[in-house]
Each structure stands twice: as structure tokens, then as C-alpha cells.
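Read through the structure below, which is laid out as C-alpha cells, and then see the notes.
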Amino acid sequence: MTAPTGTGFLAVDSGGSGLRVVVGSGGRGPLARGASDEPVRTGARGIDPGHLMGQLVPMARALCAEARVERLDTAVVGAAGLASLGDALRAELPGALARELGVRRVALAADAVTAYVGALGPRPGAVIAAGTGMITIGTDLTGWRRADGWGHLLGDCGGGAWIGRAGLEAVMRAYDGRTGGSARLLASAEDMFGPAAGLPGLLYPRTDRPAVLASFAPRVGACASDGDPVAVEILRAAARHMADSAAAVCPAAGEPVVGLTGGLFKMGAGLLAPLDEELARRLPRARRVMAEGDPLHGAVRIADDLTTGSFTLPGDEKMLCVTSPTGEGVTHAADART
């Protein structure tokens, strides 16, 4: 029988598709993995700590048994919406994790931060995270800067919902006979959603409107690959928005790295080629790379660094806070802007 490994860490990625959880140990990395497809609820108090703990505690205990970890010393929770909806988590989660799992040290991170660390690790640069939404985050290792990520009504410019909405606007222009429309996008939308005249009734009542809009983004990409000029220009405009946001957060000194992470980049050359052109124009000193790993990989990296004493990332009250259950040892950045 394998001997117990002693203390270990817990790494969590909480997002719109549910929870992904890793138990590991410092220097050895992940030892056991689990997942739940139930997203953590949000309510009047923001992200619900009780609902998170209700899912996390039994999963963590089962993973500890599988990994033969006796005690969890460190937990890193990366959560979508933490910056604006995380007050209850920051207030309650360290104490709850200490009571239920014996955790001594907790890092709460915005999912943009775990996406950054998963993509680039602890080095200066910027990361464009693009899926249904779009946010950029950058650091010079003294503080964090973010741009966009404001949701599909106020921002997320260049993300999947933005591309899908721009494509569907072109659909309605073609349906009406106005300039700027695309017959090819119109045919694709009607194949996917039904008659164009029914689109407002299909979209406006939906609570998952961003996801529905984003579901049309691959059709825009396919039409662009086929040479449709309207679709091509939509992807170029998306690339401009991404490059603008990256330029707003990228460190000014040195030769920074710009990492790309998120499912939208699976669209391939139709988006990546104009993005490379726009980044070269806006950030001529920067080097573009694809992400080394995803946000869960970023949470694992933070946990491993905290466990081994090699943690160097700047803290921030909203974006990345490391604390003990009693509130001691909270990290703050001297110069952070969100």
C-alpha cells in the first residue's frame, strides 16, 4: 500500500461550466482530479460560499483519500466573477476551509489571474482570455492591470458573444436589404436558428443570451474562411479590440510576452492572423505565444508555489488575495488597477 504523502494542496477552478478540482503536493504536482458540472450559484451576496463549500468539501475529501494526502495545508480557488462578486467568498471561505478541511492558507484569485498564470506563469506580460467573453490582464510583477471583461452589454469586445452578435447584425442587414449585410451569414444563421425574422424573439428573452450569441461565432469564422468579406472584417475588428485591450495592460518595459488562452482561439488562422497583425502594430516589442495551460493549471501553479515558498506574484484586494483563516498575511499590491 502506498504511504500517505503528508500535507498537500487543493486547487480549484470555478466557472460557468462547474468546478474542476485538483489535490496535489508541493514539488510533486497534481495527484488526483475531480469535477462537477454544477456552476456555483450567485445571488444578492454575490458568489455563494455555502454552495461552493457544499460541492467542494466532499470532492476534496474523496480526492485526498485517492491521493493519500493526510492534510490540506494550502487551497487556491480561482473563481469567475471574483473581482466584482467575491465579497462573501473573501469574508467566509478561509474560515470555512479551515474548519472543514484544516486548510491553513487560502489564495482567492479571479479567473483572469489563474488564466494568466496558467498561460504564462509568474513572468511579466499580458494575457488575452477569450471565450464567450473577453478580458485581458497584465502584470509587471508589482501589480495587476485589467481591461474589458465587462460583459456582453458593456464590453467583452472581440469575444465570442461579440463576434456572434456582429455576425447576426450582418444577418439582419442582409434580411432587410441594407448595406453591410452578408447573404452567406444569413443562410448560415437560418440553417442554425430558423427564419431570420424570428431571431429577436429567440434571443431577447434568453437568460443565457451571451452563450447563444457566442454559438454563432464559429459560423462567422467558417464564413470568413470561405472568403466572405463581411465575416472577414468582423474577425479583423475583433482582433483590433483584443489588441487594444492587450496594449492597455501590457507592461511598458522590456520585451513582454502576450499569451492567448480560451476556446475562441480554436477558430484558427481566420482570427489569429489579423490578431498577429494588430498586436505587431500596437505592441511591436511583444512576442505572442499560445497558453502553456488553462486556468486550473494556473491554480495548481499558484498552489505549488505557495507550498514550496516560491510564490512571487503581486497581491491585489480584488484580483488575488492570500490569507490565513484569521485574516493574517493578506497580500496587497502597492500599485494595482482593476
Side-chain angles (χ1 to χ4, degrees), residues 16 128-136 147-248 258 260-284 288 290:
I128 303 171
T132 297
M134 200 289 298
I135 186 171
T136 61
D148 213 336
W150 304 121
H152 76 292
L153 292 178
L154 299 179
D156 284 0
C157 298
W162 186 95
I163 290 172
R165 190 215 59 79
L168 291 173
E169 180 186 338
V171 165
M172 302 315 295
R173 286 179 173 275
Y175 179 78
D176 291 342
R178 290 179 286 152
T179 60
S182 164
R184 187 170 296 185
L185 286 170
L186 172 59
S188 184
E190 291 195 325
D191 174 67
M192 185 173 182
F193 296 116
L199 278 171
L202 173 68
L203 283 170
Y204 294 158
R206 298 284 291 261
T207 56
D208 60 345
R209 194 182 309 119
V212 177
L213 291 170
S215 71
F216 192 61
R219 298 292 188 107
V220 178
C223 288
S225 296
D226 289 339
D228 181 77
V230 173
V232 168
E233 181 51 37
I234 288 171
L235 295 192
R236 180 162 292 280
R240 280 196 298 270
H241 284 304
M242 291 181 187
D244 286 345
S245 291
V258 176
L260 308 184
T261 188
L264 192 64
F265 295 114
K266 294 177 182 177
M267 195 174 289
L271 179 60
L272 292 175
L275 180 56
D276 282 341
E277 293 174 11
E278 295 296 332
L279 287 172
R281 184 176 65 84
R282 295 300 309 274
L283 294 167
R288 192 269 283 176
M290 297 304 295

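This one's a predicted model, so the numbers in the text were calculated from it and none came from an experiment.
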Can you sort out the partners of Asp226 under side-chain hydrogen bond (donor to acceptor under 3.5 Å, both in side chains), two or more places apart, ordered by chain and number? none
Who are the side-chain contact (heavy atoms from CB on, under 4.5 Å) partners of Val230, not counting sequence neighbours? Ala170, Ser182, Leu185, Asp228, Ile234
I'd like to check the side-chain hydrogen bond (donor to acceptor under 3.5 Å, both in side chains) partners of Arg184; sequence neighbours left out, ordered by chain and number. none
Backbone N or O of Thr179 within a donor-acceptor pair of the Arg173 side chain at under 3.5 Å? yes
Using salt bridge (Lys or Arg N to Asp or Glu O under 4.0 Å) as the criterion, list what pairs up with Glu190, not counting sequence neighbours. none
Extract all donor-acceptor atom pairs below 3.5 Å that involve side chains of residues 197-205 and protein atoms in other chains or at least two apart in sequence.
none

Which heavy-atom pair separates Phe193 from Ser215 by the least distance, and what is that distance? CZ-OG, 3.8 Å
Go through the structure and list residues passing salt bridge (Lys or Arg N to Asp or Glu O under 4.0 Å) with Arg281, not counting sequence neighbours. Glu278
Would you check, one step at a time, whether the test side-chain contact (heavy atoms from CB on, under 4.5 Å) holds for Ile128 with Val258? CA-CA 7 Å; Ile128 303 171; Val258 176; 4.1 Å; yes
Quick check: closest heavy atoms across Ala189 and Val171, and the distance to 0.1 Å? CB-CG2, 3.7 Å
Can you see which heavy atom on Ala237 is nearest to which on Trp162, and at what distance? CB-CH2, 3.7 Å
Report the distance from atom OG1 of Thr136 to atom CG of Leu260, rounding to the nearest 0.5 Å. 11.5 Å
Side-chain donor-acceptor pairs under 3.5 Å in residues 238-247, sequence neighbours left out?
from, atom 1, to, atom 2, distance (Å)
Arg240, NH2, Glu233, OE2, 3.0
Asp244, OD1, Arg282, NH1, 2.2
Ser245, OG, His241, O, 3.4

Would you tabulate the side-chain donor-acceptor contacts of residues 151-160 under 3.5 Å, counting partners in other chains and residues two or more places apart, or write 'none'?
from, atom 1, to, atom 2, distance (Å)
His152, NE2, Arg209, NH1, 3.4
Asp156, OD1, Trp150, N, 3.3
Asp156, OD1, Gly151, N, 3.2

Work out which heavy atom in Ala269 is nearest to a heavy atom in Pro274; give both atom names and the distance. O-CD, 3.7 Å
Sorted by chain and residue number, the side-chain hydrogen bond (donor to acceptor under 3.5 Å, both in side chains) partners of Thr132 (sequence neighbours excluded) come out as none
Where is the tightest heavy-atom contact between Tyr175 and Ala196, given as atom of each residue plus distance? CD1-CB, 3.8 Å
What is the distance from atom OG1 of Thr261 to atom CD1 of Ile135, rounded to the nearest 0.5 Å? 12.5 Å
Closest non-hydrogen atom pair, Leu235 against Ala224: CD1-CB, 3.7 Å
Listed by chain and number, what are the side-chain hydrogen bond (donor to acceptor under 3.5 Å, both in side chains) partners of Arg165, not counting sequence neighbours? Glu169
Determine which pairs satisfy salt bridge (Lys or Arg N to Asp or Glu O under 4.0 Å) with at least one residue from residues 262-271, sequence neighbours left out, and list them in order. none
Give every residue pair that meets the salt bridge (Lys or Arg N to Asp or Glu O under 4.0 Å) criterion with at least one member in residues 213-223, sequence neighbours excluded. Asp191-Arg219
Separation of Leu168 CG from Leu186 CG (nearest 0.5 Å): 10.5 Å
